[in-house]
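Single-structure report; data block below.
Counting starts at 1 for both ligands and their atoms, following the listed order. Below, all heavy atoms of this structure are taken into account, side chains as well, without hydrogens, waters or symmetry copies.
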Amino acid sequence: MSFEDSGSFDRMWADLADVGRDPAGGGYRRFAWTRTDALLREWFHAEAQKRDLEVVPDRAGNLWAWTADPDVHGPGLVVGSHLDSVPDGGAFDGPLGIVSAFAALDVLDRSALSRPVGIACFADEEGARFGVACAGSRLLTGVLDPDRARSLTDDDGTTMAEALNAAGLDATALGRDDETLRRVDTFLELHVEQGRALVDDGSAVGVASSIWPHGRWRLDLRGRADHAGTTRLADRDDPMLALAAAIQQARSAAGRHGALATVGKVRVRPNGVNAIPSEVTAWLDARGSLEEGVRAVVADVGQAAGATPVEESWTPSTVFDPVLRDRLAALLAAPVLPTGAGHDAGILAAAGIPSAMLFVRNPTGVSHSPAEHAEPSDCLAGVSALARAIEALA
Ligand SMILES: [Zn+2]
């Protein structure tokens, strides 16, 4: 099957182009349970309605659009991804998977499908607002404690519970959702590649083998606020120095232990040019092919900072279903590659749902940035691959 009519893909892509985009050109700011998020969710409902799909939200606010009722016709194949973004994110991470899912359904003969097909829109995948990535799928599968989730706060002090309630959801309903999980027989997520493996391979589409173990840690570094002009060097207790040591160590330890480590978010109090800080909070993201390497990086960074890193999230190595992976790689004649990025498909795989991912070539490999890109012809190759996969699996 080839996907030659790009009309539905192009229209959906154009519909989403301006939603949540920073007019100054800084990329997308599509954070969970905001007004922008509500617009994206309304768009999802409208696209589902156009195709006679019934949208069923789950207890965590993830949306599931079904071709047929899985409670009546049996559990189905689910495709999809997420619509939220990191701060100043790109257009493709997340939305490509959902737009491609709708577009793939448009080229299939739905009467030939032997079981229900669902399109999922996962909530709060990036964790940009409350700090826990894949919050929607972690709540769904019960690996994120609902009490902890409800009490997570954003930078303005709003709790997740307050944000959910403001968005019209019931925060008291959070918790593992077995009723929803029972409906999902297989999950397949198409995603823009966040690296250059497909460029090197010369392929438009690839199949994921595994997701590296990865996590987020918080460093609470305390000092003493004082005047930048009158406090002698010897009298200072400046936590910014511990931060500098931690950042340097993150880079060198990652090199030593064959991992990746990043300090991408910092909060400084009082954050004045002429004030020695009283407190610095920094977040460390660490990943690698082996858990021991990642743990060693975190320990080294903590030692350099003189503080114990507080683990905010941890995802062990996730290996996608090997039978499904091999079947897709053969069907699509696509290369198989690992990734260092976490995804909802990884959370579902860890929960025991046979899951797989398709990656679409990203010419620069850049992601989580406005420079993230996929060529239109590669996007359509992705839709075509997804349609063939749905046809084969459903
Ligand atoms: Zn993503």
message: Applying side chain to side chain donor-acceptor pair (under 3.5 Å) as the test, list every pair that has at least one member in residues 126-136; sequence neighbours left out.
response: Glu126-His368, Arg129-Asp154
- prompt: Which pairs, with at least one residue in residues 244-253 and sequence neighbours excluded, count as a side chain to side chain donor-acceptor pair (under 3.5 Å)?
  reply: Gln249-Arg256
query: Within a reach of under 6.0 Å around CD of Glu179, are more than 12 heavy atoms found that belong to other residues, nucleotides or ligands?
result: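 Open.
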task: Salt-bridge test for Arg388 and Glu391: reply yes if a basic N is under 4.0 Å from a carboxylate O, no otherwise.
output: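 Salt bridge between Arg388 and Glu391, a charged N being under 4.0 Å from a carboxylate O: no.
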message: Please tell me whether Trp33 and Asp124 have a donor and an acceptor in their side chains that are separated by less than 3.5 angstrom.
response: no
query: Excluding sequence neighbours, so at least two apart, what forms salt bridge (Lys or Arg N to Asp or Glu O under 4.0 Å) with Glu291?
result: Arg295
message: Below the 2.8 Å mark, what number of protein N, O or S atoms do you get around the Zn ion (ligand 1)?
response: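 That number is 3, waters not included.
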